[in-house]
Number of protein chains: 2
Amino acid sequence: MESGIERRSGVALWRQIADDIRAAIGNGVYDAAGKLPTEAALAAQFDVNRHTVRQALAALARDGVVRTVQGRGTELLPRARVSYPIGARTRFSAGLGGQVAKAATRFLETATEPASEEVARALALAPQTPVLRLETVGAADGTALSRATHWFDAARFAELPAHCAQSGSITHALKACGVGDYKRLSTEISAAPASRTDREDLGLQAGAVVLLTTSVNADQDGVPIQMSRSRFAADRVTLSVRNAPESGDRDGNGDG
Amino acid sequence: MESGIERRSGVALWRQIADDIRAAIGNGVYDAAGKLPTEAALAAQFDVNRHTVRQALAALARDGVVRTVQGRGTELLPRARVSYPIGARTRFSAGLGGQVAKAATRFLETATEPASEEVARALALAPQTPVLRLETVGAADGTALSRATHWFDAARFAELPAHCAQSGSITHALKACGVGDYKRLSTEISAAPASRTDREDLGLQAGAVVLLTTSVNADQDGVPIQMSRSRFAADRVTLSVRNAPESGDRDGNGDG
DNA sequence: GTTGGTTGTCTATAAAACTATACAAATCAG
DNA sequence: CTGATTTGTATAGTTTTATAGACAACCAAC
């Protein structure tokens, strides 16, 4: 049988199989039965030994995706992902409203540095202008969801770190710095295997995937005030783009 | 030195290291030098044998991320990703305008089936209503970028497949079916390791990552006409959300 | 209780990944 | 040219993955 599993690829067979089964579950392949095929059937399907399948199922069980019972088989468990809205008024805690009991931002580190080329461009500053760098972890109900780095014009937002430490929220700290309201200008979304630091910061296992976003916020006058690079644990978060009834864009045919 | 590399994780050490270096490059860590540290230095940093580092570098070189020359070291190569805009007027070919010479949609398969629960909800149809399913591959300059499944109301869009085959574009085919214009209502974005089928359809290696989007388009009257599930090769595509100056949302604080 | 189908565990073997060490070949600075 | 640095190649040993087969334990249906 066509298996499609790659050997010598740097990813163990059992992990490839686990990823495949996970994707199939996501596509609703097993929704009707509510359970997976037997280990023997999966072994035949992927053309591997049953032990290898068992290792894949054990990994899925560890992650709470399935549960397997001796004599019965392995059944699907209900999954829930937090949906994180991306829009003109994207904000962390408010965006999770209703989905989680407790959203919190933890501030890891603050530093002032000369702006890199990219940061300077995003914030419309001269290169090497001093910028404030803020490292944060966003968590919901005690589980880390995102790890982000934020940059601000150091001259304009010198007081920001103190306010952040006090209020525990960037939005509130910005308000204290005179930015009553702000808007998300753009968000670039990418994805990659979780790096070592991602795994440490977000408590992920090797082989996990992160959603990577680079975004820019602007104040009421349209002046960019904040550039952020965030890494979301992809198995815990979904990014959601909702288009307002009358917003116009100039892009490109739904064939994606 | 703290390495953070996980053994027995189902992902080979060299691949974890390659992913890590790739992420570091993406974060601009090596921009100043324009080249990576020596193999010996990397081996020390990750606390592995130099051979293991070499295998990681070989993988990065295969993917065109770096180039290594005996006696000199390994230098970064310039990278470019296609940016795919997501907005109210998201369309495939137009969205890539200027970035690529030739964008094309290949139609793999067409079928009519009873709507699943999810599809019926998205299209505001009664469950089990017959829906048209379209399987496509989006490519730019001969390289596959996305693999998508589209669903339409079969009654309203019976003629769609014929028009698609003729024009090679869903947008044009919709116009021929009386939908002069349409808008993207929502996009859910997720990410996951590429599954076997993803790798086959998009020509990816094991360990690759896909961006997963589920989106709904509506006609001028706001009636949902199309639901799509797309899988983008994450190392070739970036999704871009740009917010129009005056669109309003109700969500949540940039701390992401 | 019995039967058929399923998961759990054990032992043994083969293959691949990783380590350790040594030295050759290329580049660069002086 | 010379020497220091860096990548390329080779060999051998250890650890981890994957396979193979056999059988026990468990569940559900009859």
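So you know, we letter chains A, B, ... as the sequences are listed, proteins then strands, and number each from 1. What you see is a predicted model; the values in this text were computed from it and never measured.
- The 5' end of DNA chain C is approached more closely, in terms of each residue's nearest nucleotide, by A:Gln70 than by the other of B:Val69 and A:Gln70.
- At whole-Å resolution of the value, NZ in A:Lys35 and P in D:dC27 are 13 Å apart.
- In this model, the phosphate group of D:dT6 is not approached by any side-chain N or O of B:Arg72 to a distance below 4.0 Å at OP1 or OP2.
- Regarding contacts with the backbone of D:dG8, a side-chain N or O of B:Thr68 is found under 4.0 angstrom from either OP1 or OP2.
- When all heavy atoms are compared, the tightest approach of A:Ser240 to B:Glu188 is OG-OE2, 2.8 Å.
- Between the CG atom of B:Leu13 and the P atom of D:dT14 there is a distance of 19 Å, given to the nearest Å.
- With rounding to whole Å, B:Arg15 atom CZ is found 17 Å from C:dA16 atom P.
- B:Asn49 places its CG atom 9 Å from the C1' atom of C:dT21, with the value rounded to the nearest Å.
- If you measure from atom CD of A:Glu75 to atom P of D:dC27, you get 13 Å, rounded to the nearest angstrom.
- Within 3.5 Å, a donor on the side chain of A:Arg50 pairs with an acceptor on the base of C:dG8, or the reverse.
- Contact of the B:Gln55 side chain with the B:Arg15 side chain is not registered, since no non-hydrogen atoms from C-beta on lie closer than 4.5 Å.
- Here B:Arg54 lies in heavy-atom contact (under 4.0 Å) with a base.
- The CZ atom of B:Arg7 sits 10 Å away from the C1' atom of C:dA17 (whole-angstrom rounding).
- Checked by distance alone, B:His51 brings a side-chain donor or acceptor within 3.5 Å of a matching partner on the base of C:dT21.
- For the pair B:Leu36 CG and D:dT5 P, the computed distance is 20 Å after rounding to whole Å.
- The side chain of A:Trp14 contributes an N or O atom lying less than 4.0 Å from OP1 or OP2 of D:dA18.
- Summarising the geometry, atom CG belonging to A:Asp20 is positioned 5.0 Å from atom OG belonging to B:Ser195; distances are rounded to the nearest 0.5 Å.
- Atom CD of B:Gln55 and atom P of D:dG8 are 14 Å apart (whole Å).
- A donor-acceptor contact shorter than 3.5 Å is absent between the side chain of A:Asp63 and the backbone of A:Val65.
- Under the 3.5 Å distance criterion, with hydrogens and angles disregarded, a donor-acceptor pair is assigned to the side chains of A:Ser9 and A:Gln16.
- Taking 4.0 angstrom as the limit, A:Thr52 places a side-chain polar atom (N or O) nearer than this to OP1 or OP2 of D:dT19.
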